[in-house]
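Just so it is clear, the structure is predicted and the values come from calculations on it, not from any experiment. Below, chain A is the first sequence line, B the second, and so on; all start at residue 1. What's counted below: heavy atoms across the whole structure, side chains too, no hydrogens, waters or symmetry copies.
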Amino acid sequence: MSRERILVCVAWPYANGDLHVGHVAGAYLPADIFARYQRLKGNQVVMVSGSDAHGTPIVVRAEKEGKTPRQVFEYFHARFLETQKAIGISYDLFTHTDTRNHHVIAQQMFRRLLENGRLFKAKQKQLYSETQGKFLPDRLVEGTCPICGYDKARGDQCDNCGNLLDATQLINPRSRIDGSTPIVRESEHYFLDLPAMREQLLAYLSDKDSYWRNTVLDFSRHYASTAEPRAFTRDLTWGIPVPLPDAEGKCIYVWYEALLGYLTATVEWAALSGQPDAWQDFWYTKDGQVKIYNFIGKDNILFHTVLWPAVLLGMGRLGEPWDGGRSGDTLRFNLPYDVPANQYLNLGGQKFSKSLGVSLDVIDLADKYGADPVRFYLTSIMPENKDADWSWSDFAQRNNSELLAKWGNLVQRTLSQIWRNFEGRIPIPGPFNESDQAMLAQSETAFNEVGESLDAVRLREALGKAMELATATNQYLDREAPWKAIKADRARAATQLYVAARVIDSLSILLSPFIPFTCEAVRKQLGYEAPLFGEQIIDIVGDESDRHSVLRYDGRRASGTWKPSTLQPGQLLSGEPKGLVAKIELPAA
RNA sequence: GGUGACGUAGCUCAGUCGGUAGAGCAGGGGACUCAUAAGCCCUUGGUCACUGGUUCGAGUCCAGUCGUCACCA
């Protein structure tokens with residue numbers, strides 16, 4: 001198997017509120033499962049994301065709380081780091097969009113698109129506040145909805161009828177800051193020339209039928225074929241300034257610079273790794289061995305399947321300062337290989353909503369129940385094809401009857417017999433009979449079968465296949481009954497328990513992308529020293545004017561490989577086996 | 001309003017090229033006892049959202065209706 005390069009790009013959380021399990025189920029967890037699997041396969045994996053630091057909602061929140069936008073985003077950024085570490089999302093780099101690196105490259109992106117004729121200037125009508133002397137962002141205006149008549153519609157959307165609006169459509173508009181009446185004024189902006197790129201985009205989408213999700217592809221094609229120009233800049237105070245002398249007060253539209261984060265985070269990762277050019281292996285190399293995956297929620301599909309490819313195509317090749325002087329005219333960026341977008345996770349039938357208090361704090365859950373029970377449940381209901389719903393009783397039930405009863409108990413019953421009867425050492429097996437061989441063979445083919453589902457990013461299915469092997473192992477034990485054999489034929493019992501332990505060893509790999517903490521613990525019990533995966537570290541990087549905290553992955557000690565167990569007879573267990581998974585008892589509702 | 005997706009057992013989901021529905025969990029029964037009363041064996045559950053159409057035959061194709069969701073206007 002040749003070594004592939006896999007770039008796992010994960011949606012950038014917007015730093016104006018905490019993460020909830022919906023975010024985790026939708027993007028971060030699937031990305032992590034996939035990245036862990038690819039690492040086990042021996043591929044070169046880089047997984048990047050970061051906090052989206054700019055934009056109006058952060059400014060609004062800051063004004064409300066009497067803080068600066070920077071204080072707001074830094075507060076949430078720090079919490080994002082803790083949250084994702086707690087739930088075990090193994091980013092190679094989780095950074096943010098207010099770094100010097102990101103600013104520099106974002107402005108370069110703008111210049112490249114302009115030079116390549118992909119941006120053009122046009123006038124746009126916007127609401128302007130005379131009392132404040134600035135253009136008002138759409139969501140800072142309210143007025144009467146022209147569609148339903150609701151009198152508190154926001155400039156971007158009416159909360160009553162749900163229709164999206166243009167602020168200039170509002171009847172009797174007023175500023176949400178001071179209540180004054182804004183006037184309509186023209187503002188000049190840059191637009192991304194999507195019509196000019198329709199053909200190129202459709203060509204990009206033309207060979208995805210065999211593996212893209214059907215919720216993603218048709219939708220994207222339709223949009224690509226009809227796409228109109230889209231604003232690329234905004235009148236904003238908190239963002240990355242348009243790098244032109246006549247563009248005072250204008251910033252790059254937050255959406256685009258956040259997308260660019262996939263590239264800039266890879267660049268930053270490379271620099272932090274001491275191989276400043278290594279990012280090019282992922283974004284430039286055209287050897288057919290690079291695959292870029294974008295893990296996102298369904299609301300972001302078009303941005304990733306159409307707009308981001310358009311930007312990448314539009315940049316064509318890179319100029320200074322990040323191409324190392326190596327790029328030629330024919331080079332262009334690699335585009336996303338797959339965009340396995342998930343649907344939404346709801347909570348008790350309701351959408352997650354910070355303002356309505358419909359939320360589940362991830363750190364809380366991880367503290368209370370452990371990361372793996374949460375990961376296990378979220379994977380088994382992962383909204384791959386349709387919206388899913390978090391249910392507390394289902395969470396407890398799946399934990400107790402599947403994670404604990406099937407997997408945890410399998411480990412416990414096997415290891416405790418070994419501990420008690422074989423002095424805590426993996427027993428030395430005799431000859432394998434047909435039943436033993438079938439059991440071992442099943443555990444070996446499971447690597448292909450589970451791997452096939454993981455490669456196709458069908459994670460629920462992959463977990464299901466791995467759990468089938470756990471069931472088969474329980475069946476093997478019941479069939480063989482080593483607790484009986486131990487009385488009559490100790491050598492036979494040794495073989496049976498060896499086989500079971502070896503399959504458990506394999507299972508600890510097969511399940512590890514999903515429930516890494518539990519699997520690491522099993523391996524420790526089995527007597528292994530080296531961990532399967534590396535460690536996540538919260539780190540402070542950058543020089544004085546660019547200091548920022550990030551989440552990194554240190555994979556130096558990682559030893560896991562996606563291969564069947566070769567468990568050594570005689571290996572000493574680490575101690576008396578004790579339960580891996582706690583039972584979840586919910587208070588009666 | 002436009003585009004697209006989804007709606008299958010109490011719950012979570014499979015159903016490939018159309019041939020009167022499957023799994024796991026829950027529920028019911030049983031034999032065992034190594035194990036966190038877990039595991040194993042057997043088993044009860046479905047007008048496949050609705051209405052029409054094509055077909056010898058449709059969960060599976062077509063049209064429409066309803067419901068849910070996302071994006072776009």
Using salt bridge (charged side-chain N to carboxylate O under 4.0 Å, His left out) as the criterion, list what pairs up with A:Glu228, not counting sequence neighbours.
A:Arg198
Among the nucleotides B:A70, B:G7, B:U12, whichever has the atom closest to the side chain of A:Ile381 is B:U12
Whole-Å distance, A:Leu477 CG to B:C34 P, equals 13 Å
Of the nucleotides B:C40, B:A14, B:A38, which one has an atom closest to the side chain of A:Asn385?
B:A14
Taking A:Arg502 first and then A:Asp436, would you say they form a salt bridge - that is, a charged N and a carboxylate O separated by under 4.0 Å?
no
Pairing nucleotide - B:G1, Watson-Crick or G-U, each distance under 3.5 Å
B:C72
Nearest nucleotide by nearest heavy atom, which residue falls closer to the 5' end of RNA chain B, A:Tyr344 or A:His222?
A:His222
Assign the ring pair A:Tyr262 / A:His304 to parallel, tilted or perpendicular, where the plane angle (0 to 90°) is split at 30° and 60°.
tilted
Length of the line joining A:Trp483:CH2 and B:A35:P, which is rounded to integer Å:
10 Å
Taking CG from A:Asn474 and C1' from B:C32, how many angstroms apart are they, rounded to a whole number?
14 Å
Assign the ring pair A:Tyr293 / A:Phe34 to parallel, tilted or perpendicular, where the plane angle (0 to 90°) is split at 30° and 60°.
tilted
Neighbours of RNA chain B within residues 403-440 of chain A, by heavy-atom distance under 4.0 Å
A:Leu404, A:Ala405, A:Lys406, A:Asn409, A:Gln412, A:Arg413, A:Ser416, A:Gln417, A:Arg420
Once you apply a heavy-atom cut-off of 4.0 Å, does A:Arg479 come out as touching a base, just sugar-phosphate, or nothing?
nothing
Please name the nucleotide paired to B:C11 by Watson-Crick or G-U wobble geometry with both distances under 3.5 Å, or report none.
B:G24
